[in-house]
Asker: 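Following this message is one structure expressed as structure tokens.
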Amino acid sequence: MNDGTPVGDMTEQQAKAELARLAELLNRANTAYHQDDSPEIPDADYDAFKIRNAEIEARFPALKRKDSPSDQVGAAPAEGFAKVTHSVRMLSLSNAFDDEDISDFVTSVRKYLGKGTETALVFTAEPKIDGLSLSLRYENGQLVQAATRGDGETGENVTANARTIDDIPQTLDSAPDILEVRGEVYMSHADFEALNARQDEAGQKTFANPRNAAAGSMRQLDPSITRARPLKFFAYAWGESSAPLADTQFGAIDRLKTLGFSTNPLTIRADSPAQMIAHYREIEAQRATLDYDIDGVVYKVDDLGLQARLGFRSTTPRWAIAHKFPAELAWTHLEAIDIQVGRTGALSPVARLTPVTVGGVVVSNATLHNEDYIAGRDASGNEIRGGKDIRVGDWVQVYRAGDVIPKVADVDLSRRPDGTEPYIFPETCPICGSDAVREEGDAVRRCTGGLICAAQAVEKLKHFVSRAAFDIEGLGAKQIEAFYADDQLPVREPADIFTLQARDSQNLTKLANRDGWGETSAGNLFDAIEEKRDIQLARVIFGLGIRHVGEVAAQDLARHFSTWEAMATALDTARPAALAHRAADAAAEAERALAASENRRARISEARKKAEAGCDVPDAATTAWADLIGSDGIGPTMALSLSDAFANPEERAAMDRLLAHLRPVAPEARDLGSPVAGKTVVFTGTLEKMTRAEAKARAESLGAKVSGSVSAKTDLLVAGPGAGSKAKKAADLGIETLDEDGWLALIGAT
DNA sequence: GTGCCTCGAGTTCC
DNA sequence: CTCGAGGCAC
């Protein structure tokens, strides 16, 4: 198609036909690319087609199609599947890599449950299927919806495709009215080989491994294609259920089997770490003879009542763990070491490798962690612990951690070619040339250029538009890079995003008329930006990208302060106390370094001076500082980092410019239905029916805030036997106090 | 002071 | 997904 008539010689009819072909081709390629399936056409061809499309449109503007690919560029991909929000989140599992991790897991389960579980703690053990997870929703026995895992909260609706899989029943007899069955879609080795042979014969692309084949097949927009692919399904879990399936995990799996699902035959019960590990070894030995891929063994607490008590950490259940098989390794040649600069200025070394296949995927880059990992010796010639002395030209061993992230694991010194030099880690930023320094005890070297450094500025902007922050549709990493470098319509700081439209209207060449943009895509972008002027306060705080302040800390801060102004005022007030805190730390540090330092007098006196400066810290500052670091999840490190950011005139001015465009929304209490929502609760004394961690997690899930100490802000004290000073203080302050049973009754868990 | 448990930050491939 | 480090409980 590309070697067709030169655009200049084209008739209108030829142009029209070719635009139609290009639109179909490019839009299909877009879909394939964005759906994580491998791209249908190479990037170079894609770009060439896109350029040709633009050329033809430029010469025949009247022929531009409604679905023109030039309008799609920069915009979000057309949605292939509808989104589905899971009624019960689909979580991932935490991983274990050796036997010790397993006994640790069992110990931690025991510990969390507290007394009374020394005996009779039973686990299930089953192979972990390497496929893609699927949630099947049945209502009154009818399959009504199938959804992929997605990010765990929201997946994609693939019901039509799921209906083509023989292992998935369309109807269930005597099942709960509402039942979500979860399991893994996979492809057997035999079917995979046959499919690839067919694909090859038909001149179609083959799949790298059974999992990609299964994932690719499941994501076909045309269910008839999925039907032709030999997919299978193992059920191993459930989401929402209107009636319990059983009392135990094992019983529930059995019930799923009775309902007509296929369940994995290698599932057993085990009542000790030794038995669990024995089953792991057995499955590992059988691995090569199985007709499907597995990547480990999953253990779950069998008793569903205990599972409920154990509950969840932020992303994983406490009652299950995946014992992974050792990762596949590959040796390859290290061609170069490049340095990347992250949003906090961190310099990260990346290995450029001769491409090699690891676990079914071609890897050409891998992380080298940090300076010490590469280095053999430090400046004074001492060996560095954990350092491998990795040099450009070496043979290195690569693996994919958790079967995803490529890493350099080792170096073969016996195969080192002559004339290699130890790698010298740069002490200046490769992007902006500023000094790159390592703070004491820190593993990473950081560029000190701040926002002067283009790499840091761009990465910060990418963070600002990222999903957990402003999440602006049509303004992803690529567009940020383009806008940052743009002379006519630059975006150099977050506030610039919100002035884009106004500035564009002043420009001679409008965004809509540029290559790769059109009226629709430019309009969509401006709309998407406009939409985010009303935004959760937590997202604003997180989006600023202040070091040590991540998504969770941002939520804590938003809940603590409710408004931007309150937070800014508190930080301003607390500033003298923050400085005093740092000075006190420095003084302590100087004293510790006393013996080692020749300059100790100077250092100590300087530190003393600073500490003295802290003496006239206003009371208000002390109070504001104490309030900040006393609030849940915020410690001195985060508080100092925040304080520094707000006290830095340039950073603060940029924040003010940004906030002028925003209307931050205060966070809501989490569960307004619960009587403890929004309350600050303190637990003290011995809890008999739950452990401390359990009590805290439970209270927080109901929207309460759990604090460690009683203060005027405490709403409720839960006191078990042996409560001491806290109970007394609560009584003095007139704070409501309950015993454990009273608490359980209050939250409705008797 | 020590030892969990989480969170934050950085990273690759598609 | 992993590693390092911050926060907090013991």
Asker: Would A:Glu335 and A:Arg352 pass as an ion pair if we require N to O under 4.0 Å?
Answerer: no
Asker: Please tell me which of the listed nucleotides, B:dT12, B:dG8, B:dA9, lies nearest to the side chain of A:Pro406?
Answerer: B:dT12
Asker: A:Leu557 pairs by side chain to side chain contact (heavy atoms under 4.5 Å, CB included) with which of A:Ile541, A:Ile546, A:Val552?
Answerer: A:Ile541
Asker: Hey, what are the protein-to-nucleotides 3-6 of chain C N/O distances that come in under 3.5 Å?
Answerer:
| unit_1 | atom_1 | unit_2 | atom_2 | d |
| --- | --- | --- | --- | --- |
| C:dA5 | OP1 | A:Gly441 | O | 3.2 |

Asker: Are any side-chain N or O atoms of A:His333 and backbone N or O atoms of A:Val396, one a donor and one an acceptor, separated by less than 3.5 Å?
Answerer: no
Asker: Could you tell me the separation between the CG atom of A:Leu557 and the P atom of C:dG7, rounded to a whole number of Å?
Answerer: 11 Å
Asker: As a test of reading the structure: which of B:dG8, B:dG10, B:dT12 is closest to the side chain of A:Val350, going by heavy atoms?
Answerer: B:dT12
Asker: Using modelled atom types and a 3.5 Å cut-off, is there a donor and acceptor pairing between side-chain atoms of A:Gln456 and backbone atoms of A:Cys447?
Answerer: yes
Asker: Using modelled atom types only, decide if a donor and an acceptor are shared between the side chain of A:Ser217 and the backbone of A:Arg229 within a distance under 3.5 Å.
Answerer: no
Asker: In whole Å, what is the span from the CZ atom of A:Phe207 to the P atom of B:dC14?
Answerer: 15 Å
Asker: Mapping A:Ser364 and A:Ala346 to their closest nucleotides on DNA chain B, which lands nearer the 5' end?
Answerer: A:Ala346
Asker: Between atom NE2 in A:His463 and atom C1' in B:dT11, what is the gap in whole Å?
Answerer: 16 Å
Asker: Grab the two heavy atoms, one from A:Pro273 and one from A:Val106, that are nearest each other, plus how far apart they are.
Answerer: CG-CG2, 3.9 Å
Asker: How close or far is atom P of B:dC4 from atom CZ of A:Phe105, stated in whole angstroms?
Answerer: 16 Å
Asker: Expressed in angstrom and rounded to an integer, what is the separation of A:Lys478 atom NZ from B:dC14 atom C1'?
Answerer: 12 Å
